Amino acid sequence: MPVLPSYQMTYQWGRELRRGGQRTFVAVHFRIPDDEMVWVGHYNSDPVRLGSAEAAALVAEQDDARGYELFIPRPIQVREIHRVRRVNQVTGWRYMPNAHGKPPCGCPVCIPPGQYGGAKIRKAYKDSFNI
């Protein structure tokens with residue numbers, strides 16, 4: 001994710017990753033050339049290939065950038081890293097943007113066995129689809 005003026009938009013991924021049980025996160029800030037090709041898009045759509053500066057501009061110009069992702073198809077080199085910082089643990093969204101008021105998906109991919117409260121969510125999911 002590019003660093004944006006909004007802290008919440010920049011670190012939105014943290015809360016979703018927290019669902020997996022990890023409690024402490026850090027953000028690794030790095031710089032890549034502006035013309036380097038990356039993939040960018042919303043998490044539930046096909047990404048497009050753009051230069052990194054164009055991709056960052058695309059995300060920054062969105063009215064609601066929640067759910068946008070950038071993929072860099074190569075390892076990040078140590079010399080490109082310029083900062084590692086702690087991230088606020090409650091920033092971002094869970095499940096998907098605008099999920100409030102919508103029941104979560106109860107499939108085994110979204111709610112794996114052993115997840116806290118998972119049995120209740122899976123039962124409600126199965127009941128709603130008469131599975």
Side-chain angles (χ1 to χ4, degrees):
M1 194 62 191
V3 176
L4 301 170
S6 167
Y7 183 91
Q8 182 177 7
M9 289 300 130
T10 300
Y11 301 108
Q12 62 178 310
W13 46 266
R15 190 162 181 188
E16 178 65 14
L17 292 176
R18 187 174 176 214
R19 286 183 40 208
Q22 185 67 32
R23 294 292 175 238
T24 304
F25 290 100
V26 296
V28 179
H29 291 228
F30 55 89
R31 290 187 179 110
I32 60 173
D34 287 347
D35 59 348
E36 183 168 338
M37 298 305 285
V38 299
W39 294 95
V40 62
H42 197 263
Y43 75 96
N44 64 357
S45 65
D46 292 332
V48 295
R49 196 160 188 240
L50 297 173
S52 62
E54 293 175 284
L58 175 78
V59 174
E61 71 187 17
Q62 300 301 312
D63 290 333
D64 184 1
R66 292 180 300 170
Y68 272 80
E69 305 172 314
L70 265 77
F71 300 97
I72 301 167
R74 65 165 180 85
I76 300 300
Q77 302 300 312
V78 171
R79 68 181 182 279
E80 295 173 314
I81 296 172
H82 72 95
R83 184 178 185 196
V84 177
R85 66 173 295 184
R86 296 189 75 126
V87 179
N88 181 333
Q89 302 302 302
V90 295
T91 297
W93 43 274
R94 287 180 36 205
Y95 306 113
M96 62 184 159
N98 299 322
H100 292 288
K102 298 177 186 173
C105 176
C107 77
V109 173
C110 295
I111 308 293
Q115 181 172 329
Y116 180 80
K120 183 178 176 182
I121 293 170
R122 282 190 300 278
K123 182 180 180 333
Y125 179 77
K126 288 177 181 178
D127 290 349
S128 68
F129 287 103
N130 296 319
I131 297 175

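Just so it is clear, the structure is predicted and the values come from calculations on it, not from any experiment.
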Spacing of R31 atom CZ and H82 atom NE2 [to the nearest 0.5 Å]: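 If we round to the nearest 0.5 Å, R31:CZ and H82:NE2 are 4.0 Å apart.
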Point-to-point distance, once rounded to the nearest 0.5 Å, from CG of L70 to OG of S52: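 Result: 8.5 Å between the selected atoms.
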Under a single-linkage definition using a 4.5 Å side-chain heavy-atom cutoff for Ile, Leu, Val, Met, Phe, Trp and Tyr, are [X] and [Y] assigned to the same hydrophobic cluster?
{"X": "L50", "Y": "F71", "value": "no"}
{"X": "V87", "Y": "V84", "value": "yes"}
{"X": "I72", "Y": "Y68", "value": "yes"}
{"X": "V26", "Y": "F30", "value": "yes"}

side-chain contact (heavy atoms from CB on, under 4.5 Å) assessment of H42 paired with Q62: CA-CA 11 Å; H42 197 263; Q62 300 301 312; over 6 Å; no
Heavy atoms from other residues, nucleotides or ligands near CG of N44 exceed 12 (cutoff 6.0 Å):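 Counting other residues, nucleotides and ligands, CG of N44 exceeds 12 neighbours.
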Atom CZ of R74 with >12 non-hydrogen neighbours under 6.0 angstrom: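 It does: R74 CZ has more than 12 such atoms within range.
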R49 side-chain N/O to M37 backbone N/O, donor-acceptor pair under 3.5 Å: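 Not at all, since once roles are kept as given, no pair shorter than 3.5 Å links the two residues.
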Evaluation steps, side-chain contact (heavy atoms from CB on, under 4.5 Å), between Y125 and I111: CA-CA 10 Å; Y125 179 77; I111 308 293; over 6 Å; no
Nearest heavy atoms of M1 and T10, plus distance in Å: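 In this case the closest contact between M1 and T10 is CG-O, 3.4 Å.
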Steps toward side-chain contact (heavy atoms from CB on, under 4.5 Å) verdict (I32, V38): CA-CA 10 Å; I32 60 173; V38 299; 3.9 Å; yes
